[in-house]
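Quick notes on the structure that follows.
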Amino acid sequence: MQKQYKLITPGSSVLDLGCAPGAWLQVACQSLGPLQKGGAVVGIDLKKVKVPSMHCDARVQTVCADVMSLPKDQIRALSPKQKGFSVILSDMCPLVSGIRARDAALSAELGMRTLELAVGEAGLVQADDSIEQKEQSDVSGSDPEHRGILLPGGHLVVKLLESEDVKDFSHICKPLFKKAARLRPKATRSCSREIYLICQGLLSLKK
């Protein structure tokens with residue numbers, strides 16, 4: 001995925017949600033370039049994750065927390081200069097029960113939480129064509145509570161379980177980014193329903 005889309009570039013600030021066991025942490029750190037290029041990688045997971053020392057350096061840190069309840073401002077505070085991240089990766093997946101509809105709904109819930117963190121309430125309102133322009137203006141102001149933690153021009157990757165919800169999720173994302181595409185990596189097992197939605201180039205919110 002990184003080779004194909006070049007999501008992480010030297011000096012990027014990367015947020016890895018659901019970072020266990022640490023594969024994306026390694027890929028992200030190696031994609032930051034040499035130490036003098038700067039950059040940072042922050043991984044968050046329900047499990048305590050040890051930073052893979054062989055492939056990661058001091059720019060990588062992990063936090064044990066529940067993304068569903070962790071306040072947005074606390075996540076933003078983990079970014080360089082507390083300004084936000086240039087790449088957000090979500091590899092979060094619910095504990096699969098085998099009940100397809102239930103699993104898909106839980107996956108979509110995790111996906112929507114990721115999107116809300118990335119673009120904020122302002123972005124979600126802007127994506128909703130049924131909202132009046134005045135309401136958009138009210139919500140997309142400078143209030144940090146309404147803003148997301150993904151920087152303008154940034155990229156978002158969200159893992160989802162295939163269902164009708166994926167189509168709806170994609171429909172919400174498309175007006176917010178320059179590009180939005182679905183990807184099923186070659187390494188994914190044939191029996192798996194996991195796919196990734198790759199959103200590139202977050203557009204600036206309308207004022």
Side-chain angles (χ1 to χ4, degrees), residues 1-2 5-20 24-25 27-29 31-32 38-46 49 51 59-93 107-128 136 138-160 169-170 172-180 196-207:
M1 194 186 302
Q2 169 63 7
Y5 291 95
K6 302 293 189 294
L7 301 166
I8 304 166
T9 55
S12 293
S13 51
V14 183
L15 177 63
D16 181 3
L17 303 177
C19 65
W24 261 118
L25 297 176
V27 171
C29 186
S31 302
L32 293 182
V41 181
V42 177
I44 302 178
D45 200 283
L46 282 169
V49 179
V51 175
R59 292 174 290 184
V60 181
Q61 64 170 307
T62 59
V63 176
C64 183
D66 185 354
V67 174
M68 297 302 285
S69 57
L70 192 61
K72 191 187 304 175
D73 60 343
Q74 289 187 28
I75 302 177
R76 193 196 311 274
L78 297 169
S79 66
K81 299 182 181 179
Q82 302 185 9
K83 289 186 175 181
F85 295 89
S86 54
V87 182
I88 296 179
L89 311 167
S90 173
D91 209 30
M92 295 190 292
C93 191
S107 175
E109 185 179 355
L110 292 172
M112 283 304 298
R113 171 59 175 165
T114 302
L115 182 60
E116 193 275 327
L117 285 173
V119 305
E121 294 173 28
L124 294 181
V125 168
Q126 185 167 305
D128 187 348
Q136 285 186 1
D138 289 344
V139 175
S140 61
S142 59
D143 185 350
E145 284 300 310
H146 291 310
R147 290 187 287 111
I149 58 175
L150 182 62
L151 296 170
H155 309 314
L156 173 69
V157 177
V158 183
K159 180 164 75 176
L160 297 164
F169 195 89
S170 179
I172 295 171
C173 291
K174 280 185 177 179
L176 299 172
F177 294 86
K178 290 180 181 177
K179 296 179 183 177
Y196 289 87
L197 183 63
I198 301 173
C199 303
Q200 298 174 271
L202 177 65
L203 301 171
S204 296
L205 293 179
K206 297 174 183 176
K207 296 295 185 181

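These values consider heavy atoms only, across backbone and side chains, with no hydrogens, waters or symmetry-generated copies.
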Approximate separation, where rounding is to 0.5 Å, of Phe169 CZ and Lys174 NZ: 13.0 Å

4.5 Å side-chain heavy-atom contact, [X] and [Y]:
X: Leu150; Y: Leu156; answer: yes
X: Cys64; Y: Val49; answer: no
X: Asp91; Y: Leu17; answer: no
X: Leu32; Y: Pro10; answer: no
X: Phe177; Y: Ile198; answer: no
X: Gln61; Y: Val41; answer: no
X: Leu15; Y: Leu89; answer: no
X: Phe85; Y: Val14; answer: no

On a heavy-atom basis, which atom in [X] and which in [Y] lie closest, and how many Å separate them?
X: Lys159; Y: Cys93; value: CE-CB, 3.9 Å
X: Thr114; Y: Ser90; value: OG1-OG, 3.3 Å
X: Ile44; Y: Val67; value: CG2-CG2, 3.6 Å
X: Cys173; Y: Leu197; value: SG-CD2, 3.8 Å
X: Arg113; Y: Leu70; value: NH2-O, 2.8 Å

I'd like to know if the side chain of Ser31 reaches the main chain of Val27, judged simply by a donor and an acceptor atom lying under 3.5 Å from each other, with no hydrogens or angles considered. yes

Distance-only, no hydrogens or angles: does the Arg59 side chain make a donor-acceptor pair with backbone N or O of Val42 under 3.5 Å? no

Are more than 12 heavy atoms from other residues, nucleotides or ligands located less than 6.0 Å from atom CD of Glu109? no

What residue among Leu117, Ile149, Val158, Val157 forms side chain to side chain contact (heavy atoms under 4.5 Å, CB included) with Ile88? Ile149

Quick one, Arg147 with Glu121, criterion salt bridge (charged side-chain N to carboxylate O under 4.0 Å, His left out). Give me CA distance, side-chain angles, the key distance, then yes/no. CA-CA 7 Å; Arg147 290 187 287 111; Glu121 294 173 28; over 6 Å; no

